[in-house]
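To start, the structure under review is shown below, and the notes come after it.
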Amino acid sequence: MTQHIRIASRASAMATAQVNWLMGQITRTDSAAVPEFVPITTAGDRWTGPLAEVGGKGAFTSAVAQAVLDGRADLALHCAKDMPGDEPEPDGTLCLYPPRDDVHDVLVHPGGRKLDDLPAGTRIGTSAPRRIAQLTASHPHLTIVPVRGNADTRLRLAHVGDVDAVILARAGLRRLGREAEATEIIDTDRMMPALGAGQLALQISADDQNLLDLLTPLTDAAATRAALAERALLRALAGHCHAPIAGHATPTAAGGLHLAARVYSPDGSVMLAAARTGPDPQTVGDAVAQDLIAQGANDVLASSRRS
């Protein structure tokens, strides 16, 4: 029996590549499934200013999720790192997580240089508070230039000379088929990833059992556990779009989960760090958040709201 599956996502080149990947996975899982792309133009796509002025990270995901709630789509495809942490997923929906992609950030410098080789005053394009805080702390001689737009737009800014280099997610470049443009893969100890980095999220109606059965083979247990831990941490910290929070959950050999996270002041002059290992993602995420709060994370994050 033919099953039509309407997939809502952003209309960017990145989102289109991700939808095409998902449609291929679905048809390989069930040859009777007929996936269809429902492109959504979000507030974040229309706005070129600071994300905080249009609802933060939710500017990219809320309109896509709403298509499922309204019945215009059966599935919403998100980048997990774009999902806001200071509010829960909408009632009546659940998220499924396929295998995680690479979590590293990369430098793209048209001249082929690496981060430590860049001279003073080099203009680095990024608007991510997490990247800005870490770069400002580690390379204070560089000049941060706020840039918005999809990965194609930011790459173009570097190639035409509006900025000297950009920092992007390796997973995004890979999905666009442009990974070869990266001139350096930045170690996660030097640039801790975003919570949800490299992770796609498939959001569906909680009562759509047929779709759940179809998508379950596409999910990954380790990625799911990592996503749940990172989401728990972000929610406990009420992480918002201009909060310099970084973190990364990884599986342990014993079948547990290790979560390391950091909270920065906007200028990177303050860094709080915590890590926990345990069997339950929610417990680990909450514990790391409480360790950071005990060190003063709430005050540090409050300063990022004012900046």
Side-chain angles (χ1 to χ4, degrees), residues 9-21 39-54 56-57 59-61 78-79 81-82 101-188 190-191 193-194 197-198 241-242 244 246 266-268 307:
S9 193
R10 296 169 61 193
S12 68
M14 180 82 70
T16 299
Q18 291 167 175
V19 170
N20 287 337
W21 171 84
I40 305 290
T41 300
T42 70
D45 295 313
R46 291 188 293 267
W47 178 250
T48 58
L51 277 182
E53 297 180 14
V54 286
K57 289 185 176 183
F60 291 125
T61 58
H78 308 292
C79 289
K81 68 181 179 61
D82 290 336
D101 206 329
D102 195 286
V103 302
H104 290 83
D105 286 309
V106 297
L107 178 74
V108 178
H109 184 278
R113 291 193 174 192
K114 295 186 176 181
L115 197 57
D116 289 345
D117 300 330
L118 299 176
T122 298
R123 300 165 301 162
I124 304 292
T126 182
S127 287
R130 168 190 63 87
R131 290 175 180 147
I132 292 171
Q134 294 184 78
L135 269 180
T136 303
S138 64
H139 293 74
H141 60 288
L142 303 181
T143 300
I144 307 299
V145 179
V147 293
R148 277 282 320 281
N150 57 42
D152 281 329
T153 298
R154 286 176 281 166
L155 286 167
R156 186 171 62 253
L157 292 175
H159 287 298
V160 302
D162 287 350
V163 295
D164 300 311
V166 290
I167 293 182
L168 299 168
R170 188 183 188 189
L173 286 184
R174 180 176 292 171
R175 291 166 190 161
L176 289 172
R178 302 183 67 172
E179 186 179 2
E181 295 182 42
T183 52
E184 181 181 7
I185 300 167
I186 305 173
D187 188 88
T188 56
R190 301 180 68 199
M191 179 72 70
C241 68
H242 41 205
D267 63 0
S307 64

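Everything quoted here is computed from the prediction, not taken from an experiment.
Just one residue in the list Ile185, Val166, Ile167 forms a side chain to side chain contact (heavy atoms under 4.5 Å, CB included) with Leu107, and that residue is Ile167.
In this structure the side chain of Cys79 reaches within 4.5 angstrom of the side chain of Gln18, judged on heavy atoms. You'll find the side chain of Asp117 stays beyond 4.5 Å of the side chain of His109, heavy atoms only. Taking the side chain as every heavy atom from C-beta outward, Val163 and Thr126 never approach each other to under 4.5 Å. Residues Arg178 and Leu168 form no side-chain contact, since every pair of their non-hydrogen atoms from C-beta on lies 4.5 Å or further apart. Taking 4.5 Å as the limit, every side-chain heavy atom of His104 sits out of range of all side-chain heavy atoms of Ile186. The side-chain heavy atoms of Leu142 and Leu115, taken from C-beta on, include a pair separated by under 4.5 Å. With a 4.5 Å cut-off on side-chain heavy atoms, Asp101 and Arg175 count as touching. Residues Arg123 and Val145 have side chains in contact (heavy-atom distance under 4.5 Å, counting atoms from C-beta outward).
Distance CD1/Ile144 to OG/Ser127: 10.0 Å, rounded to 0.5 Å. Atom CG of Asp187 and atom CG of Asp105 lie 11.0 Å apart (nearest 0.5 Å). Expressed to the nearest 0.5 Å, how far CG of Asp267 lies from CG of Leu135 amounts to 13.0 Å. Taking CZ of Arg131 as the reference point, atom CE of Met191 lies at 7.0 Å (rounded to 0.5 Å). Interatomic distance, Asn150 CG to Leu155 CG, rounded to the nearest 0.5 Å: 9.0 Å.
In terms of heavy atoms, Arg154 sits closest to Arg148 at CG-O, 4.2 Å. Shown here for Gln134 and Arg190, the closest heavy-atom pair between the two residues is OE1-O, 3.6 Å. Of all heavy-atom pairs spanning Ala15 and Ser9, the tightest one is CB-OG, 3.6 Å. When all heavy atoms are compared, the tightest approach of Leu176 to Ala151 is CD1-CB, 3.7 Å. Residues Pro193 and Val103 share a closest heavy-atom pair of CB-O, 3.5 Å. The heavy-atom pair separating Gly125 from Val147 by the smallest distance is C-CG2, 3.5 Å.
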- Item | Intermediate values then yes/no, side chain to side chain contact (heavy atoms under 4.5 Å, CB included), Asp164 and Leu118 | CA-CA 10 Å; Asp164 300 311; Leu118 299 176; over 6 Å; no
- Message: For a side chain to side chain contact (heavy atoms under 4.5 Å, CB included) check, start with the C-alpha distance between His139 and Thr122, then their side-chain angles and the critical distance, and finish with the verdict.
- Response: CA-CA 10 Å; His139 293 74; Thr122 298; over 6 Å; no
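Listed for the Thr183 side chain is a donor-acceptor partner under 3.5 Å among the backbone atoms of Arg113.
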